Each structure stands twice: as C-alpha cells, then as structure tokens.
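Predicted, not measured: the structure shown is a model, and the values here were computed from it. We count residues from 1, following the sequence as given.
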Amino acid sequence: TYRYHGHSMSDPGTTYRNREEIALTRSTRDPLEFVKRTLVDAGFTDAEEIKEIEKRIRKDVANQVKQAKASSKPTVEPHLFEYVYSSDGGKEQNEFPPHIRMPDFAKSKNY
C-alpha cells in the first residue's frame with residue numbers, strides 16, 4: 001500500500017519524498033486505475049462507460065450523504081451491548097462468554 005498523503009495534518013508527506021515520486025506511483029501503481037486499464041484492455045468496457053459509471057456512483061454517494069445528514073443521529077444506549085455475545089437471541093442481557101471480562105461498574109470510581 002502506498003500512502004499518497006502524509007500520516008497527519010502536521011506531515012505533508014513531501015518532506016521524505018517529492019511530488020514527482022508521488023505522481024509517478026499514482027500513475028503506475030494505483031489499484032483503481034489498474035482495474036480500469038485492465039477492463040478496457042480486455043475489451044469488457046471502454047473509457048466512456050467507466051466515466052459514466054463513476055459519475056453515477058458519485059451522484060449516488062452524494063445523495064446518500066445528503067440523506068444521512070438530514071436524518072436523526074442513531075441512539076447508542078441502551079442497545080450498545082445487545083446481541084453481541086448472546087447465544088439465546090438476547091434474552092439474557094448480560095450473557096458473555098467466559099473469556100470476555102466485563103467491567104464491574106459497581107466497583108468503578110465515579111469521576
């Protein structure tokens with residue numbers, strides 16, 4: 001895997017490699033571009049169809065993002081631990097396998 005950007009906001013990623021190296025790697029080793037080239041070279045599709053598919057995907061993603069932002073945030077509690085380790089369909093809310101050590105909230109300090 002090749003990281004096109006730095007590790008963090010304080011790491012631009014160009015202090016230990018130059019922009020030409022990044023551009024060359026992106027143009028020759030990008031897995032998405034490789035798949036596109038392979039599909040076109042094998043005659044399964046052409047560049048125009050790939051552009052249309054990408055356009056449709058971007059539109060679908062934008063619509064899903066808009067829908068997600070417009071909807072209410074999901075609640076976490078009280079369902080955070082339901083059905084995670086349950087062998088009986090969740091009838092016993094505190095049933096965990098013996099190798100899972102859950103915190104003892106009664107002994108925990110309140111901060």
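Residues I57 and V65 share a hydrophobic cluster, clusters being chains of Ile/Leu/Val/Met/Phe/Trp/Tyr side chains in contact below 4.5 Å. F44 and I53 sit in two unconnected hydrophobic clusters of ILVMFWY residues. Membership requires side-chain heavy atoms under 4.5 Å apart, directly or through other members.
Residue pairs meeting the side chain to side chain donor-acceptor pair (under 3.5 Å) criterion with at least one partner in residues 22-32, sequence neighbours excluded, are Y4-D30. Sorted by first and then second residue, the pairs that involve residues 32-43 and meet salt bridge (charged side-chain N to carboxylate O under 4.0 Å, His left out), not counting sequence neighbours, are E33-K36, K36-E54.
With sequence neighbours left out, the side-chain contact (heavy atoms from CB on, under 4.5 Å) criterion links V40 to T45, I50.
Q67 places none of its side-chain heavy atoms less than 4.5 Å from the side chain of N63.
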